[in-house]
Amino acid sequence: MGKLIVALDLKNKNKIYNLIERLGNRVDYYKVGIIPYFVCGEEIIKKLKKQGKKIFLDFKFFDIPNTVRKISEIIFEEEIDMFTVHLIAGEQVIKSIVETKQKLKTKTKIIGVTILTSFTEKDISFLNINTKIDKLVEKLVDYGYNWGIDGVVCSGEEIEMIRTKYNPPFLIIVPGVRIDEKNKKDDQKRIITPKEAIKKGADFVVVGRPIYENLEPEKVVEKILKEIEDGTENLD
Ligand code: C5P
């Protein structure tokens with residue numbers, strides 16, 4: 001069954017810890033990105049682990065192979081559940097972390113970032129590469145799969161294309177998820193509902209603002225979990 005990952009992109013440590021406490025047993029997976037990590041430091045990892053929560057470390061690495069390999073060694077040793085690296089970082093970077101993972105025999109999943117869900121064709125037109133976003137995503141996923149990653153982050157629009165080509169356990173993680181606020185304007189442009197995402201074959205949906213900006217985050221989470229359940233029953 002599909003799962004929910006709650007993004008903890010809050011600038012205040014107490015608010016972050018409060019949210020985790022309020023959500024309690026409803027949520028197993030948390031996304032720790034640069035914001036909560038910068039605000040709480042390593043403490044947030046220890047705290048989540050102590051509570052038996054799973055961690056999706058989303059720093060979206062994009063650096064030279066030596067640097068990415070070193071940080072991935074730390075992540076593997078800490079037994080973080082999943083972490084992200086930009087596929088555009090290239091073959092050398094990805095292969096070196098895949099090799100490190102095999103050497104250390106860890107279960108940590110390497111997740112490739114394709115094209116950010118806040119991007120539309122217009123946003124990448126300055127690159128002058130004359131390729132449609134879905135084609136670019138497909139190419140990056142093909143490379144990532146062949147280089148040995150465990151899954152990808154993509155927008156709702158690309159789930160079917162990826163799922164048709166790559167069966168589970170290859171993971172599909174989808175941010176840009178909105179409940180009944182499809183018309184609400186924020187920076188996420190390629191958006192989808194939790195139910196649709198799971199129906200199309202996503203393993204995880206990542207949701208941040210709709211949960212932590214709501215005065216009753218528990219209710220939003222429950223609604224999303226119900227949608228995930230409905231989506232699982234109606235898998236395409
Ligand atoms: O607040 P919102 O629900 O838009 O949060 C989505 C989360 O997913 C953010 O933490 C964002 O950094 C992350 N994300 C994304 N698009 C990607 C990868 C990660 O929005 N392609």
Side-chain angles (χ1 to χ4, degrees), residues 2-12 15-16 19-20 23 27 29-40 44 48 53-62 80-89 109-121 123-124 133-134 136-141 144 149-159 161-162 171-198 200 202-215 217 219-221 223-225 227-228:
K3 290 202 158 81
L4 166 66
I5 301 177
V6 176
L8 295 168
D9 299 328
L10 287 154
K11 290 193 285 181
N12 177 293
K15 283 191 180 160
I16 293 173
L19 180 70
I20 298 169
L23 298 181
V27 176
Y29 269 89
Y30 282 99
K31 190 200 106 148
V32 177
I34 42 178
I35 302 174
Y37 197 84
F38 203 86
V39 173
C40 310
I44 187 152
L48 286 170
K53 303 296 179 197
K54 306 247 187 217
I55 298 168
F56 175 51
L57 195 71
D58 187 26
F59 286 179
K60 302 187 181 68
F61 297 124
F62 188 3
I80 300 289
D81 301 279
M82 312 194 265
F83 76 99
T84 52
V85 55
H86 272 286
L87 289 170
I88 287 182
K109 307 276 188 234
I110 302 169
I111 306 297
V113 176
T114 55
I115 301 292
L116 299 178
T117 37
S118 54
F119 279 6
T120 62
E121 236 102 66
D123 297 307
I124 59 164
I133 285 201
D134 57 346
L136 201 55
V137 171
E138 186 172 1
K139 220 177 209 175
L140 287 168
V141 175
I149 59 169
D150 301 291
V152 288
V153 181
C154 67
S155 90
E157 288 166 20
E158 294 112 23
I159 304 171
M161 175 268 290
I162 299 170
L171 295 170
I172 300 181
I173 302 180
V174 180
V177 174
R178 296 294 176 262
I179 318 164
D180 27 52
E181 328 170 57
K182 265 201 144 184
N183 299 319
K184 195 176 162 191
K185 293 263 176 291
D186 57 28
D187 63 347
Q188 294 287 20
K189 293 177 186 149
R190 292 177 295 137
I191 56 174
I192 190 165
T193 64
K195 185 174 170 182
E196 281 173 89
I198 299 297
K200 287 178 192 285
D203 298 284
F204 292 94
V205 290
V206 184
V207 191
R209 284 164 289 181
I211 296 173
Y212 64 73
E213 284 180 354
N214 195 292
L215 291 175
K219 284 202 175 147
V220 184
V221 163
K223 201 165 169 193
I224 296 172
L225 294 176
E227 278 209 26
I228 290 177

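For ligands, and for the atoms within them, numbers begin at 1 and follow the listed sequence. All figures in this text were calculated on a predicted structure; none of them were measured in a lab.
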| task | Please check if atom NZ in K53 has more than 12 non-hydrogen atoms from other residues, nucleotides or ligands closer than 6.0 Å. | result |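 Atom NZ in K53 is crowded, with more than 12 foreign heavy atoms closer than 6.0 Å.
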| Interfacing atoms of ligand 1 (cut-off 4.0 Å, heavy-atom, R209) |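 It comes down to these atoms of ligand 1: 1 (O), 2 (P), 3 (O), 4 (O).
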| said: Closer than 4.0 Å to some heavy atom of K60 - which atoms of ligand 1 meet that? | reply: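 Answer, ordered by atom number: 12 (O), 14 (N), 18 (C), 19 (C).
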| message | Going by the rule side-chain hydrogen bond (donor to acceptor under 3.5 Å, both in side chains), which residues pair with Y37 if we only count those two or more places apart in sequence or in a different chain? | response |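 With sequence neighbours excluded, Y37 shows a side-chain hydrogen bond (donor to acceptor under 3.5 Å, both in side chains) to E42, given in chain and number order.
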| Listed partners of F62 passing side-chain contact (heavy atoms from CB on, under 4.5 Å), at least two apart |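 H86, I88, A89.
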| If you round to the nearest 0.5 Å, how far is CD1 of I80 from CZ of F56? |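 Result: 12.0 Å between the selected atoms.
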Counting heavy atoms only, which part of [X] comes closer than 4.0 Å to ligand 1: side chain, backbone, both or neither?
X: R178; result: side chain
X: P210; result: side chain
X: T114; result: neither
X: V153; result: side chain

| task | For residues I159 and I192, determine if any side-chain heavy atom of one lies less than 4.5 Å from a side-chain heavy atom of the other. | result |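 Yes, close enough: below the 4.5 Å cut-off.
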| field | Side-chain touch T84/F61, heavy atoms, less than 4.5 angstrom | value |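 The answer is no; the side chains never approach within 4.5 Å.
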| request: Looking only at distances, please establish whether an N/O atom of ligand 1 is found under 3.5 Å from an N/O atom of G208. | output: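 Yes, there is a polar N/O contact under 3.5 Å.
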| task | Name the option, out of D9, V113, I5, that contains the heavy atom nearest to atom 9 (C) of ligand 1. | result |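 Looking at heavy atoms only, the winner is D9.
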